[in-house]
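Shown next, in structure tokens, is the structure this report addresses.
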Amino acid sequence: FEVYDFFTGNKLSGRISQLFWLMLSDPPLLNMPRNKENIIDANPNNTQIVFQWTPRSTQVTNTEYEFTLSELWDDTGDPYQQFLAAIPKYQTTLSNTTLLYGLSAPPLLAGRTYAWQVKAKAKAGFEDIGLYRQNGYSEIFVFKYAGQCAAVSNVVAEVKSYDRININWQQNIDQRSYKVTYRKYTPANKWKWFE
């Protein structure tokens, strides 16, 4: 190998033979809010959402995280393209892996869809030295901020057969989708939830 100055192109060393290894770390894993989660705001006057991610490498020291939150305008469109094209609603850099989104951040609007991403940056002084795959960008998670989500009413269940049931309820005007969760009853109280 020979070492050259990146900016001037000047040769800085003679030829050397040396074994070495390079390491690229994976970007962080996003934890919460979960992807495609519907966040219900219990207290609209004091919105607090916890964003949390996990680093996948302990080898890189002095890592900063750039958090980006954007609003998506089309619920039927590709959220990844919308996120990349959107102007961030909120962006900040921090050194820990948890962000409390509270009153000092721009307010989120009930019924809107938002997406978030974290970029890991390995720092040497003020410079990002690029030790992460995908340029340090995590995947993009999407969530629906629904404000106060009222419970459905007038639920009626009609058994059709041993493995089929029809469930009907009164639709709320401000809700666009519903999640039905069910489980099979067993005397030993061992069950698994299905959606």
Side-chain angles (χ1 to χ4, degrees), residues 1 3-9 12 20-44 46-147 149 176-177 179:
F1 294 92
V3 179
Y4 289 85
D5 184 293
F6 178 80
F7 295 105
T8 65
L12 301 177
F20 70 94
W21 55 275
L22 292 175
M23 178 186 70
L24 278 179
S25 298
D26 289 317
L29 288 172
L30 304 183
N31 298 334
M32 51 187 285
R34 294 183 316 248
N35 196 22
K36 300 179 182 171
E37 184 175 357
N38 186 21
I39 296 177
I40 299 169
D41 189 3
N43 186 357
N46 187 16
T47 300
Q48 292 190 350
I49 301 172
V50 176
F51 291 91
Q52 194 172 55
W53 54 94
T54 303
R56 287 197 272 184
S57 173
T58 57
Q59 306 295 332
V60 182
T61 58
N62 207 16
T63 297
E64 287 184 349
Y65 300 98
E66 181 180 272
F67 172 87
T68 304
L69 175 74
S70 294
E71 183 176 342
L72 306 183
W73 292 93
D74 181 7
D75 286 344
T76 60
D78 183 347
Y80 300 101
Q81 290 179 356
Q82 290 184 63
F83 180 84
L84 296 174
I87 297 171
K89 183 175 187 79
Y90 182 74
Q91 195 168 42
T92 188
T93 302
L94 56 161
S95 58
N96 57 10
T97 59
T98 301
L99 171 77
L100 180 62
Y101 192 91
L103 291 174
S104 62
L108 302 182
L109 301 174
R112 299 284 175 93
T113 302
Y114 296 90
W116 65 289
Q117 183 180 53
V118 174
K119 178 183 181 182
K121 298 188 279 188
K123 303 295 277 187
F126 292 107
E127 185 179 348
D128 180 4
I129 54 176
L131 295 179
Y132 286 97
R133 285 187 176 95
Q134 299 171 201
N135 219 13
Y137 286 105
S138 70
E139 59 187 317
I140 297 170
F141 271 17
V142 177
F143 66 91
K144 181 79 152 201
Y145 182 72
C149 184
R176 298 182 201 161
S177 64
K179 180 173 24 176

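By convention here, the first residue in the shown sequence is residue 1.
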Self-check item: Pro33 side chain near Phe51 side chain, heavy-atom distance below 4.5 Å
Solution: yes
Practice problem: For side chain to side chain donor-acceptor pair (under 3.5 Å), just list the numbers for Gln117 and Ser138, CA-CA rounded to whole Å, side-chain angles, deciding distance to a tenth of an Å, and then say yes or no. | Solution: CA-CA 6 Å; Gln117 183 180 53; Ser138 70; 4.8 Å; no
Exercise. Taking the side chain as every heavy atom from C-beta outward, state whether Trp116 and Ile49 have any atom pair closer than 4.5 Å.
Key: no
Quiz item: Looking only at heavy atoms, which two atoms of Thr93 and Glu64 are closest? And how far apart?
Solution: CG2-OE1, 3.5 Å
Practice problem: Give the C-alpha distance, both sets of side-chain angles, the deciding distance and a yes or no for side-chain contact (heavy atoms from CB on, under 4.5 Å) between Leu69 and Leu108. | Solution: CA-CA 10 Å; Leu69 175 74; Leu108 302 182; 3.9 Å; yes
Exercise. Kindly compute the distance separating CG (Asp78) from CD1 (Ile140), expressed to the nearest 0.5 Å.
Key: 9.0 Å
Practice problem: Check whether any side-chain heavy atom of Pro27 sits under 4.5 Å from a side-chain heavy atom of Arg56, and report yes or no. | Solution: yes
Practice problem: Taking the side chain as every heavy atom from C-beta outward, state whether Pro28 and Tyr65 have any atom pair closer than 4.5 Å. | Solution: yes
Exercise. For residues Phe143 and Arg34, determine if any side-chain heavy atom of one lies less than 4.5 Å from a side-chain heavy atom of the other.
Key: no
Quiz item: Can you tell me how far the NZ atom of Lys89 sits from the OG1 atom of Thr68, to the nearest 0.5 Å?
Solution: 14.0 Å
Quiz item: In Å and rounded to the nearest 0.5 Å, what is the CD to CG distance from Gln82 to Asp74?
Solution: 5.0 Å
Quiz item: Say you draw a straight line from OH of Tyr114 to NZ of Lys144; how long is it, rounded to the nearest 0.5 Å?
Solution: 10.0 Å
Quiz item: Taking the side chain as C-beta and beyond, is there a heavy-atom pair between Val50 and Thr98 under 4.5 Å?
Solution: yes
Quiz item: Is the number of heavy atoms from other residues, nucleotides or ligands within 6.0 Å of CG (Leu12) greater than 12?
Solution: yes
Self-check item: Check: Val142 and Tyr80 side chains under 4.5 Å, non-hydrogen atoms
Solution: no
Exercise. Taking the side chain as every heavy atom from C-beta outward, state whether Phe83 and Leu72 have any atom pair closer than 4.5 Å.
Key: yes
Quiz prompt | Separation between OH of Tyr145 and OG1 of Thr113, rounded to the nearest 0.5 Å | solution = 13.0 Å
Quiz prompt | Value rounded to 0.5 Å, distance of CG in Leu100 from CD in Gln52 | solution = 11.5 Å
